[in-house]
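As the structure is a prediction and not an experimental result, all values here were calculated from the model. Positions are given from 1, in the same order as the sequence printed here.
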Amino acid sequence: MAGSALVLTDVSGLSKIDQKLYRVETVLALLSGLAVFSLMVLAVVSVSGRNLFGQPLPGYVDWIEQAMPLIAFMGIAFAQRDGGHIRMDMLVGALRGRALYLVELITTLAILSLMVLLVWGSWAHFQRSFDFGAPLWSRDSSMDIAIPLWPAKFLVPLAFSVLCLRLTLQVFAYARAFVRNDPHPVAVPLVADAATQAAREAAHVSGHDDQGAQ
C-alpha cells in the first residue's frame, strides 16, 4: 500500500512512474498547505496592525487573491491519486473485476477530456495576462497594491497539467487492469470496505501511539 488510500505498489514500470509522480503531487500539496498557513499569518499581522497601530496590512486582499490558486488547485492531483475526491463509492464499490475497471476507465477518460479543455482555457487566460514587454511582465495587476496577476494565473494550467498526467496514468492502469482482469491493479485508488478502512485507521493510530511511546 502507498499513501492514505488503497493504492497498491509493486516493482513494475507503471508503479514506479506512479510513485515518482506522487512525489511531485506531494510537493504541490505541501505548497497548498503552506499557502493556507501563510494566509493565517497574514491575517494575524493585518488584524494586529489594525488594532495596535490603526493600520492593517497593505494589500491583504490582494495577497489572498494571489494565494487562491495555490489553495484551490495545487492539491487536486494529490487528491486524485489517493481517491480523495467525491466519488460514488456505494455504487462503484458494488462492482468487481472488469465491470469495475471499465466504469473507472470511462469516468477517468471523461474527467481527462474535461481537464484538457480546462488546461487549454486557463493557459489562454494566462497568456492574456503575461507580456514580456510590459512592466513586471504583466498586462494586469491587483486593485490595491498592483501585484502582477500572471503568476497566480500560471498556477492554474500548471496544476491542471499535473492532474492530466495523473489521469493519463490512471487511464492506462485501468485499461491494463481491464485487459488482464487484474485482481490487484497498481497505481489506482481501490475501493475499500468499511472493515478494511477501520483496520487501516486503527493501524495508523496505533503507529502514532508506538512512536509516542518511544
In chain order, what residues pass the side-chain contact (heavy atoms from CB on, under 4.5 Å) check against [X], with sequence neighbours excluded?
X: T26; result: Y22, F78
X: F178; result: R98, Y101, L102
X: F132; result: F130, W137

- Item | Reference residue L114; test side chain to side chain contact (heavy atoms under 4.5 Å, CB included); the match among V116, I111, L118 | L118
- Message: Quick check on H85: does its NE2 atom have over 12 non-hydrogen neighbours (other residues, nucleotides or ligands) under 6.0 Å away?
- Response: yes
- So does Y60 have more than 12 non-hydrogen atoms from other groups sitting under 6.0 Å from OH? yes
- Item | Any pair counted as side chain to side chain donor-acceptor pair (under 3.5 Å), so long as it reaches residues 161-183, sequence neighbours left out |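 Those involving residues 161-183 are D18-R166, E25-R166, Q80-Q170.
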For residues [X] and [Y], report the shortest heavy-atom separation together with the two atoms involved.
X: V7; Y: P189; value: CG2-CA, 3.9 Å
X: A173; Y: L14; value: CB-CD2, 3.8 Å
X: L105; Y: V171; value: CD1-O, 3.5 Å

- Mind checking the CD-CG spacing from Q19 to D10? Nearest 0.5 Å is all I need.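 Output value for this atom pair is 8.5 Å.
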- In Å and rounded to the nearest 0.5 Å, what is the CG to OG distance from L158 to S122? 9.5 Å
- Is any side-chain heavy atom of I76 less than 4.5 Å from a side-chain heavy atom of L163? yes
- Under a 4.5 Å side-chain heavy-atom rule over Ile, Leu, Val, Met, Phe, Trp and Tyr, are F160 and M68 clustered together?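 They do not share one cluster, since no chain of ILVMFWY contacts under 4.5 Å joins F160 to M68.
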- Query: Out of curiosity, does V45 fall in the hydrophobic cluster containing I64 (side-chain heavy atoms, cut-off under 4.5 Å, transitive links)?
  - Reply: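 Yes, because I64 and V45 connect within a single hydrophobic cluster, where side-chain heavy atoms sit under 4.5 Å apart.
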- Item | Main-chain N/O of S12 paired with S15 side-chain donor or acceptor, under 3.5 Å | no
Between side-chain atoms of residues 27-42 and protein atoms elsewhere (two or more places apart, or another chain), which donor-acceptor pairs fall under 3.5 Å?
| unit_1 | atom_1 | unit_2 | atom_2 | d |
| --- | --- | --- | --- | --- |
| S32 | OG | L70 | O | 3.0 |
| S32 | OG | I71 | O | 3.3 |
| S38 | OG | L34 | O | 2.8 |

Donor-acceptor contacts, no H, no angles, side chain residues 138-154, under 3.5 Å, sequence neighbours left out:
| unit_1 | atom_1 | unit_2 | atom_2 | d |
| --- | --- | --- | --- | --- |
| S138 | OG | D140 | N | 3.2 |
| S138 | OG | D140 | O | 2.2 |
| R139 | NE | D131 | OD2 | 3.4 |
| D140 | OD1 | S129 | OG | 2.5 |
| D140 | OD2 | K153 | NZ | 2.7 |
| S142 | OG | D62 | OD2 | 2.4 |
| S142 | OG | A146 | N | 3.3 |
| S142 | OG | I147 | N | 2.7 |
| D144 | OD2 | G59 | N | 3.2 |
| W150 | NE1 | L136 | O | 2.9 |

